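One structure is given below, encoded as structure tokens.
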Amino acid sequence: QVQLVESGGGLVHDGGSLRLSCVISGSIGGIDAVGIEWMDAMTWFRQVSGKERELVATISGDGRKVYTDSVKGRFAISSDKTTNTVYLLMNNLKPEDTAVYYCNARRDWGDYVGNYWGQGTQVTVSS
């Protein structure tokens with residue numbers, strides 16, 4: 001099983017910063033140790049209760065990064081293949097950034113597309 005574990009959430013004031021981390025591990029099929037290098041993309045999503053899950057930032061296997069418009073210039077996604085960790089650095093946080101943040105790993109294995117999720121970490125920004 002592929003496992004993703006997020007951490008780094010918390011309560012901050014308007015304008016504050018947080019750094020989220022997501023560690024990927026586990027095994028699947030004939031792969032004993034799944035890491036970032038096995039995934040097509042690593043993505044941070046967020047969800048507010050009662051609303052759809054929203055893509056925040058993604059980093060693909062070739063290093064390309066994409067951000068939703070509302071976080072451009074404030075958030076930065078990065079990855080460390082040596083520790084199999086994906087980060088989301090969030091600066092100048094706003095109350096509207098309050099949500100549960102989820103880490104996602106995606107891989108097209110050919111016969112199916114695997115989407116793997118973490119348990120989520122709460123980010124709360126107070127005004």
Side-chain angles (χ1 to χ4, degrees):
Q1 284 284 4
V2 177
Q3 297 177 327
L4 281 74
V5 179
E6 302 105 331
S7 62
L11 171 65
V12 295
H13 292 298
D14 191 353
S17 298
L18 283 173
R19 189 180 76 162
L20 306 183
S21 301
C22 170
V23 179
I24 183 171
S25 64
S27 62
I28 186 168
I31 305 168
D32 292 332
V34 173
I36 289 177
E37 73 275 10
W38 284 100
M39 297 299 154
D40 296 324
M42 300 291 298
T43 303
W44 285 98
F45 288 81
R46 65 187 178 187
Q47 188 169 25
V48 176
S49 180
K51 295 188 177 181
E52 291 189 359
R53 196 166 291 189
E54 171 192 29
L55 187 150
V56 177
T58 189
I59 182 168
S60 60
D62 60 4
R64 286 178 298 152
K65 302 174 183 180
V66 177
Y67 300 91
T68 190
D69 286 346
S70 64
V71 308
K72 286 180 180 177
R74 299 189 298 122
F75 291 11
I77 189 170
S78 62
S79 65
D80 182 346
K81 295 182 179 180
T82 64
T83 61
N84 288 311
T85 304
V86 177
Y87 299 99
L88 184 68
L89 177 61
M90 306 184 294
N91 293 319
N92 191 21
L93 281 160
K94 304 175 181 181
E96 52 264 41
D97 295 317
T98 295
V100 178
Y101 284 70
Y102 295 92
C103 181
N104 168 271
R106 183 183 184 278
R107 167 70 189 246
D108 184 348
W109 298 102
D111 52 348
Y112 75 97
V113 176
N115 267 294
Y116 311 100
W117 294 90
Q119 81 287 352
T121 185
Q122 176 71 47
V123 171
T124 303
V125 185
S126 63
S127 57

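Just so it is clear, the model here is predicted, and its values are computed rather than measured. FYI, the numbering just counts along the sequence from 1.
- Using a 4.5 Å heavy-atom threshold, the side chains of Val23 and Thr83 count as separate.
- The number of heavy-atom neighbours closer than 6.0 Å to CD of Glu52, taken from other residues, nucleotides and ligands shown, is 12 or below.
- Among pairs with a residue in residues 92-105, those fulfilling salt bridge (Lys or Arg N to Asp or Glu O under 4.0 Å) read Arg46-Asp97, Arg74-Asp97, at least two apart in sequence or across chains.
- Under the 4.5 Å side-chain heavy-atom criterion for ILVMFWY residues, a single connected hydrophobic cluster contains both Met90 and Val12.
- By the criterion of side-chain heavy atoms lying less than 4.5 angstrom apart, applied directly or through intervening Ile, Leu, Val, Met, Phe, Trp or Tyr residues, Leu55 is not grouped with Leu93; the two fall into different hydrophobic clusters.
- Atom OG in Ser79 sits 10.5 Å away from atom CD in Glu37 (nearest 0.5 Å).
- The two residues Asn84 and Gly35 make their nearest non-hydrogen contact at OD1-CA, 3.1 Å.
- Both Val86 and Tyr67 are assigned to one and the same hydrophobic cluster, defined by single-linkage of ILVMFWY side chains at heavy-atom distances under 4.5 Å.
- Asp32 and Ser27 are not linked by any side-chain donor-acceptor pair at a separation below 3.5 angstrom, with hydrogens and angles left out of the test.
- In this structure, the side chain of Asp40 engages the main chain of Asp108 through a donor-acceptor pair within 3.5 Å.
- Residues Gln122 and Ala99 share a closest heavy-atom pair of NE2-O, 3.4 Å.
- Put simply, the side chain of Ile28 reaches to within 4.5 Å of the side chain of Trp109, judged on heavy atoms.
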Next on the checklist: Checking Asn91 against Ser17 for the side-chain hydrogen bond (donor to acceptor under 3.5 Å, both in side chains) test, could you report, in this order, the C-alpha distance in whole Å, the side-chain angles of both residues, the deciding distance, and whether it holds?
Outcome noted: CA-CA 4 Å; Asn91 293 319; Ser17 298; 2.9 Å; yes

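- Remark: the backbone N or O of Gly120 is paired with a side-chain donor or acceptor of Glu6 at under 3.5 angstrom.
- Hydrophobic clustering (ILVMFWY, side-chain heavy atoms < 4.5 Å, transitive): Val5 and Val100 are in distinct clusters.
- Here CH2 of Trp44 is found 12.0 Å from OG1 of Thr58. Values are rounded to the nearest 0.5 Å.
- Residues passing the ring-ring contact (aromatic ring centres under 6.0 Å, His included) test with Phe45, sequence neighbours excluded: Trp117.
- Side chain of Thr121 to backbone of Gly9: a donor-acceptor contact under 3.5 angstrom is found.
- Contact record, Val48 with Thr98: CG2-O, 3.4 Å, taken as the closest heavy-atom pair.
- Once rounded to the nearest 0.5 Å, the distance linking OG1 of Thr43 with OH of Tyr102 reads 15.5 Å.
- Scanning both residues, Gln119 and Leu4, for their nearest heavy atoms gives OE1-O, 3.6 Å.
- The side-chain hydrogen bond (donor to acceptor under 3.5 Å, both in side chains) search around Thr68 returns none, not counting sequence neighbours.
- Note that CD1 of Ile36 and NZ of Lys81 are 7.5 Å apart. Values are rounded to the nearest 0.5 Å.
- Between the CD1 atom in Ile24 and the OH atom in Tyr116 there is a gap of 8.5 Å [rounded to 0.5 Å].
- Of all the heavy atoms in Ser21 and Thr85, the pair that sits closest is CB-CG2, 4.1 Å.
- Residues Tyr87 and Tyr101 are members of separate hydrophobic clusters, defined by side-chain heavy-atom contacts under 4.5 angstrom among Ile, Leu, Val, Met, Phe, Trp and Tyr.
- Here the straight-line distance linking atom CZ of Arg19 with atom CG of Leu88 works out to 10.5 Å at 0.5 Å rounding.
- Residue Phe75 is tested with Leu18, Val56, Leu89, Asn92 for a side-chain contact (heavy atoms from CB on, under 4.5 Å); the sole match is Val56.
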